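Quick notes on the structure that follows.
This is a predicted model, so every value here is computed, not measured. Computed from heavy atoms alone, side chains included, the values below leave out hydrogens, waters and symmetry copies. Positions are given from 1, in the same order as the sequence printed here.
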Amino acid sequence: QVQLVESGGGLVQPGGSLRLSCAASGSFFSVTAMNWYRQAPGKQRELVAGITSDKRANYADSVKGRFTISRDNDNHTIWLQMNSLTPEDTAVYYCHVESVWSPRRGYEYDYWGQGTQVTVSS
């Protein structure tokens, strides 16, 4: 069982910043890639940023240069620093874990957080 707890969403003015966090907990030894997705009203869920266990990051073109994903492997936590926010960034942001590993159960895949709302508006 894996629990993902997200925090940091809220209302911010255009040009502002927010920092999201996601902590994974449960009965596992390690976590592979961790990602942030978002879903705006009427749109499909999209990958915003991802980071591997060796801290290689990738970003959607729409957020490159504005968002930064980081990770603490010891605490199975990731952050998403979001700068220069625009109304187009308004969405529910979801934390996603691709897989976890434990000696007892091996790899287990595909866990999602409950989502945190980010609203960019003046």
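For Arg104, the salt bridge (Lys or Arg N to Asp or Glu O under 4.0 Å) test picks out no residue, with sequence neighbours left out.
Judged by distance alone, the side chain of Glu6 and the main-chain N or O of Gly115 form a donor-acceptor pair under 3.5 Å. The main-chain N or O of Ser27 is found under 3.5 Å from a side-chain atom of Arg105 such that the two form a donor-acceptor pair. When atom types are taken as modelled, the side chain of Thr32 and the backbone of Glu98 share no donor-acceptor pair closer than 3.5 angstrom. A donor-acceptor pair under 3.5 Å links the side-chain atoms of Tyr59 to the main chain of Ile69, judged by distance alone.
Counting only heavy atoms from C-beta outward, the side chains of Val118 and Leu20 approach each other to under 4.5 Å.
Taking OG1 of Thr86 as the reference point, atom CZ of Arg66 lies at 5.0 Å (rounded to 0.5 Å). Distance OG1/Thr116 to CG/Leu80: 11.0 Å, rounded to 0.5 Å. Rounded to the nearest 0.5 Å, atoms CD1 (Ile51) and CE (Met34) are 9.5 Å apart. For the atom pair Leu18 CG and Gln81 CD, the distance stands at 8.5 Å (nearest 0.5 Å). The distance from atom OG of Ser30 to atom CG of Asn73, rounded to the nearest 0.5 Å, is 9.0 Å.
Under a 4.5 Å side-chain heavy-atom cut-off, the cluster of Ile, Leu, Val, Met, Phe, Trp and Tyr residues that includes Val92 is completed by Tyr37, Leu47, Tyr94, Trp112. Members clustered with Val5: none, using a 4.5 Å side-chain heavy-atom cutoff among hydrophobic residues.
For residues 46-55, the pairs satisfying side-chain hydrogen bond (donor to acceptor under 3.5 Å, both in side chains) are Arg38-Glu46, Thr52-Asp54, Asp54-Arg56, with sequence neighbours left out. Residue pairs meeting the side-chain hydrogen bond (donor to acceptor under 3.5 Å, both in side chains) criterion with at least one member in residues 7-24, sequence neighbours excluded: Ser7-Ser21, Ser17-Asn83. Screening residues 67-93 for ring pair (Phe, Tyr, Trp, His ring centres under 6.0 Å) gives Phe28-His76 as the qualifying pairs, with residues at least two apart or on separate chains.
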Stepwise side-chain contact (heavy atoms from CB on, under 4.5 Å) check, Asp110 with His96:
CA-CA 7 Å; Asp110 204 27; His96 173 254; 2.6 Å; yes

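Of all heavy-atom pairs between Pro103 and Phe29, the closest is CD-CB, 4.3 Å. For the residue pair Pro14 and Ser122, the shortest heavy atom distance occurs at CD-N, 3.6 Å.
No single ILVMFWY cluster, assembled from side-chain heavy atoms under 4.5 Å apart, contains both Val31 and Tyr109.
Tested against Thr90 for a side-chain contact (heavy atoms from CB on, under 4.5 Å), the candidates Leu85, Val120, Val12, Leu11 yield a single pass: Val120.
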